Amino acid sequence: KIKDLGKDDAGEYTLKTNTGTSSAKLGVEDRPVKIKSGLKDVKALDKDPEVVLEAEVSEKDGEVEWLKDGKPIPKELLNSGKVQIIADGKKRKLKIKDLDKDDAGEYTLKTNDGTSSAKLGVEDRPVKIKSGLKDVKALDKDPEVVLEAEVSEADGEVTWLKDGKPIPKALLDSGKLQIVSDGKKRKLVIKTPGKDDAGEYTMVTKDGKSSCKWGSQTNP
């Protein structure tokens, strides 16, 4: 009787008596590591601090391999801590930190008895308007007028419109109008404003918009 079998117990065993011998081979195979609970699709936002993909296998010491888009997780991502492989009892987890768009894809957990796959989607963070534009009145030939708003993301992209149309490139190239990003603040600077600059200005994000009216008055 051999207790607590391990791979070291494999081999040929022989019974020897004074009249002869008898031999047999003992093979010890890996226990099948079955997937009891598979991976599930996950949706996350760009720059989320972390996301965890999780599955459960049948054996506490069951070995698994993680793949992304059919290929092993790059060693440099594991060494840097960007991606962490965690075994917690029968649970197997893949933790991905500091998410970006490159992390999106199909992830697969592979055992000696099966596979489980799930898709990770990484979407742009919503760019919300935290503080909108305000109507402005200025005098003709003032040195400049600044229209200002604040958005929820420091790198949030915005588009500026005048009377419903994009700001002409010629005005930006000449420096007459300047678009400024200062942290989460977004500014449109109008240099030496005149009556032709009056109108409705709109700042548009992918999640909202804010408008204001600017009017020029003649200097007294």
Side-chain angles (χ1 to χ4, degrees), residues 40-53 68-69 76-77 80-84 94-107 118-220:
K40 295 180 180 179
D41 291 346
V42 176
K43 288 185 178 181
L45 295 176
D46 188 28
K47 296 183 181 177
D48 274 354
E50 68 179 37
V51 71
V52 179
L53 304 176
K68 179 178 185 267
D69 297 326
E76 58 268 23
L77 294 182
S80 68
K82 162 75 174 174
V83 177
Q84 296 179 358
L94 188 73
K95 182 184 289 186
I96 305 166
K97 294 186 173 182
D98 301 324
L99 261 72
D100 58 44
K101 292 284 190 74
D102 291 339
D103 296 317
E106 183 178 63
Y107 289 82
K119 291 182 178 180
L120 170 62
V122 181
E123 301 176 351
D124 287 325
R125 297 192 74 81
V127 181
K128 297 181 179 180
I129 296 172
K130 306 295 285 185
S131 177
L133 300 172
K134 295 179 181 179
D135 291 346
V136 175
K137 288 185 179 181
L139 295 176
D140 189 27
K141 297 183 182 179
D142 274 355
E144 68 178 29
V145 167
V146 179
L147 307 180
E148 182 176 321
E150 185 175 345
V151 295
S152 59
E153 302 297 321
D155 59 353
E157 294 185 2
V158 306
T159 300
W160 288 91
L161 310 176
K162 180 178 183 283
D163 297 326
K165 297 179 181 180
I167 302 293
K169 188 171 184 292
L171 293 180
L172 297 173
D173 291 342
S174 69
K176 166 70 174 175
L177 271 66
Q178 297 177 1
I179 295 173
V180 179
S181 293
D182 180 13
K184 295 181 180 180
K185 292 181 179 179
R186 298 294 179 269
K187 302 176 184 179
L188 184 69
V189 181
I190 307 169
K191 298 285 187 178
T192 57
K195 289 186 177 180
D196 290 343
D197 298 313
E200 184 180 62
Y201 288 83
T202 303
M203 185 192 75
V204 181
T205 78
K206 71 184 192 69
D207 291 281
K209 64 182 181 179
S210 176
S211 298
C212 72
K213 291 182 179 179
W214 177 74
S216 175
Q217 298 177 343
T218 303
N219 274 305

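As the structure is a prediction and not an experimental result, all values here were calculated from the model. Computation of the quantities below employed the complete heavy-atom set of this structure, encompassing side-chain atoms and omitting hydrogens, waters and symmetry-equivalent molecules. Here, residue 1 is the first one in the sequence, and each next residue gets the next number.
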For the residue pair [X] and [Y], what are the closest heavy atoms and their distance?
{"X": "Ser210", "Y": "Ile129", "answer": "N-CD1, 3.6 Å"}
{"X": "Leu99", "Y": "Ala44", "answer": "CD2-CB, 3.4 Å"}
{"X": "Leu147", "Y": "Trp160", "answer": "O-CH2, 4.0 Å"}
{"X": "Ala149", "Y": "Gly132", "answer": "CB-C, 4.1 Å"}
{"X": "Ser211", "Y": "Thr202", "answer": "OG-OG1, 2.7 Å"}
{"X": "Asp163", "Y": "Ala198", "answer": "OD2-O, 4.4 Å"}

If I take atom [atom1] from residue [X] and atom [atom2] from residue [Y], how far apart are they, to the nearest 0.5 angstrom?
{"X": "Leu120", "Y": "Asp103", "atom1": "CG", "atom2": "CG", "answer": "7.0 Å"}
{"X": "Asp124", "Y": "Leu45", "atom1": "CG", "atom2": "CG", "answer": "9.0 Å"}
{"X": "Glu148", "Y": "Lys185", "atom1": "CD", "atom2": "NZ", "answer": "5.0 Å"}
{"X": "Ile167", "Y": "Gln178", "atom1": "CD1", "atom2": "CD", "answer": "12.5 Å"}

Can you tell if the side chain of [X] reaches within under 4.5 Å of the side chain of [Y], non-hydrogen atoms only?
{"X": "Val151", "Y": "Met203", "result": "yes"}
{"X": "Tyr107", "Y": "Ile96", "result": "yes"}
{"X": "Leu133", "Y": "Glu200", "result": "no"}
{"X": "Tyr201", "Y": "Val136", "result": "no"}
{"X": "Leu188", "Y": "Val146", "result": "no"}
{"X": "Arg125", "Y": "Asp155", "result": "no"}

Determine the sole option in Lys162, Lys176, Lys213 for which the salt bridge (Lys or Arg N to Asp or Glu O under 4.0 Å) test with Asp197 is passed.
-> Lys176
Backbone N or O of [Y] within a donor-acceptor pair of the [X] side chain at under 3.5 Å?
{"X": "Lys82", "Y": "Asp98", "answer": "yes"}
{"X": "Asp41", "Y": "Ala118", "answer": "no"}
{"X": "Ser152", "Y": "Lys128", "answer": "yes"}

Take Glu144 and Lys191 through the salt bridge (Lys or Arg N to Asp or Glu O under 4.0 Å) test and state the conclusion after the steps.
-> CA-CA 4 Å; Glu144 68 178 29; Lys191 298 285 187 178; 2.9 Å; yes
Got more than 12 heavy atoms from elsewhere within 6.0 Å of CG, Asp196?
-> no
Quick check: are there more than 12 heavy atoms from other residues, nucleotides or ligands sitting under 6.0 Å from NZ of Lys206?
-> yes
Output, in order, the C-alpha distance, side-chain angles, deciding distance and verdict of side-chain contact (heavy atoms from CB on, under 4.5 Å) for Lys187 and Asp182.
-> CA-CA 8 Å; Lys187 302 176 184 179; Asp182 180 13; 4.0 Å; yes
